[in-house]
**Q** 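Structure in C-alpha cells, see below.
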Amino acid sequence: MTQALQVLYVEDNVDVRELVVMFLEDEGLAVVQCGSAEQAESEFAQRRFDVLITDVSLPSMSGTELATRLQRLNSDLWLVFCSGYAMNHGLALFGPRARCLTKPFESEELHLLMKEIRACAA
C-alpha cells in the first residue's frame, strides 16, 4: 500500500477549513490544517509535505507568497491555490506542479485534482 500524500492546508475561514479538511481526509490524505501562513511555515519546518493547498487571500501574508517561500525549500512541492479569481497565467510562475481551484468549488473538483496529483506523484 502506498503512503498517503502529506497535505498542508491553509485557510483562515474556520468553516471552510473544516469542510475542506473533511473532504481531504475522505480522500485518504494525511492533512495538517493551518489558519495562517505563519503557522503553515512553522509546520513546514517540522515535517515534509507533498502538497500545499492554500487560500490566496490570507491575513498578513498571501498564499502566493507562502507558496513561493515553501517552494524554495522543496522544489517538488505541489501547489494548489484556492481563489475567488481565476489565476490563469499567474500559475505559470510556479511551474508545472501548480494548480488553481476557483472558489466556491465542489468536492468533486477537489477529488479530481487530488487524483491528478496522485497519478503524477506515483
Side-chain angles (χ1 to χ4, degrees):
M1 183 170 168
T2 59
Q3 183 177 350
L5 287 177
Q6 302 296 307
V7 176
L8 181 59
Y9 177 56
V10 190
E11 169 62 64
D12 60 319
N13 181 304
V14 176
D15 294 333
V16 172
R17 188 169 66 236
E18 289 177 354
L19 183 62
V20 173
V21 165
M22 187 178 68
F23 290 153
L24 293 168
E25 288 175 343
D26 285 349
E27 291 284 327
L29 302 169
V31 183
V32 172
Q33 57 180 303
C34 300
S36 71
E38 294 78 13
Q39 184 185 2
E41 282 187 308
S42 177
E43 290 290 343
F44 198 84
Q46 296 174 42
R47 65 190 79 158
R48 188 183 192 302
F49 291 95
D50 303 300
V51 183
L52 168 68
I53 302 175
T54 183
D55 186 17
V56 171
S57 299
L58 294 169
S60 75
M61 182 193 316
S62 72
T64 54
E65 174 63 22
L66 173 66
T68 298
R69 290 180 181 206
L70 299 186
Q71 197 176 41
R72 281 187 203 127
L73 301 172
N74 176 3
S75 60
D76 291 334
L77 185 66
W78 282 88
L79 306 172
V80 178
F81 297 102
C82 301
S83 175
Y85 305 96
M87 292 183 69
N88 299 327
H89 305 294
L91 282 181
L93 299 172
F94 293 94
R97 292 177 181 238
R99 302 290 185 273
C100 181
L101 277 173
T102 305
K103 288 180 171 182
F105 55 85
E106 299 293 326
S107 62
E108 183 63 16
E109 293 173 85
L110 183 61
H111 167 74
L112 292 173
L113 182 56
M114 291 299 105
K115 185 176 176 182
E116 175 192 350
I117 290 172
R118 275 192 182 109
C120 291

**Q** How would you list, by chain and number, every residue that makes a side-chain hydrogen bond (donor to acceptor under 3.5 Å, both in side chains) with Lys103, sequence neighbours excluded?
**A** Glu11, Asp55
**Q** Hydrophobic clusters join Ile, Leu, Val, Met, Phe, Trp and Tyr when side-chain heavy atoms are under 4.5 Å apart, directly or via other members; which others share one with Val14?
**A** none
**Q** If I compare all heavy atoms of Phe94 with all of Gly90, which pair ends up nearest, and what's the gap?
**A** CD1-O, 3.7 Å
**Q** If you draw a 6.0 Å radius around CD in Gln46, do more than 12 non-hydrogen atoms from other residues or ligands fall strictly inside?
**A** yes
**Q** What is the distance from atom CZ of Phe44 to atom CG of Leu66, rounded to the nearest 0.5 Å?
**A** 9.0 Å
**Q** Kindly determine whether Leu70 and Phe49 satisfy side chain to side chain contact (heavy atoms under 4.5 Å, CB included), including the steps that lead there.
**A** CA-CA 10 Å; Leu70 299 186; Phe49 291 95; over 6 Å; no
**Q** Apply side-chain hydrogen bond (donor to acceptor under 3.5 Å, both in side chains) to Asp12 and list each qualifying residue two or more places apart in sequence or on a separate chain.
**A** none
**Q** Please report the interatomic distance SG(Cys82) to CG(Leu58), rounded to the nearest 0.5 Å.
**A** 10.0 Å
**Q** Taking all non-hydrogen atoms of both residues, which atom of Ser83 and which atom of Val56 are closest, and how far apart?
**A** CB-CG2, 3.7 Å
**Q** Hey, does Glu41 have a side-chain heavy atom less than 4.5 Å from the side chain of Arg69?
**A** yes
**Q** Who else is in Leu101's hydrophobic cluster (ILVMFWY, side-chain heavy atoms under 4.5 Å, direct or via others)?
**A** Leu5, Val7, Tyr9, Val16, Leu19, Val20, Val21, Met22, Phe23, Leu24, Leu29, Val31, Val51, Ile53, Trp78, Val80, Phe105, Leu110, Leu113, Met114, Ile117
**Q** Please report the interatomic distance CD(Gln33) to CD(Glu18), rounded to the nearest 0.5 Å.
**A** 7.0 Å
**Q** Can you name the nearest heavy-atom pair linking Ala4 to Asp50, along with the distance?
**A** O-OD2, 4.3 Å
**Q** Which pair of heavy atoms, one from Gly63 and one from Phe81, lies closest together, and at what distance?
**A** O-CE2, 3.7 Å
**Q** Arg99: which residues meet the side-chain hydrogen bond (donor to acceptor under 3.5 Å, both in side chains) condition with it, sequence neighbours left out?
**A** Glu116
**Q** What's the shortest heavy-atom distance between Ser62 and Glu65, and which atoms?
**A** OG-N, 3.0 Å
**Q** Closer than 3.5 angstrom, by distance alone: can the side chain of Glu43 be matched with the main-chain N or O of Cys34 as a donor-acceptor pair?
**A** no
**Q** Please name all residues satisfying side chain to side chain contact (heavy atoms under 4.5 Å, CB included) with Ser36, sequence neighbours left out, ordered by chain then number.
**A** Glu38, Gln39
**Q** Compare every heavy atom of Ala37 with every heavy atom of Val10, then report the nearest pair and how far apart it is.
**A** CG1-N, 4.1 Å
**Q** Quick one: are Asp76 and Arg97 in side-chain contact, heavy atoms under 4.5 Å?
**A** yes
**Q** Just how far is it from atom CG of Leu73 to atom CZ of Arg48, taken to the nearest 0.5 Å?
**A** 12.0 Å
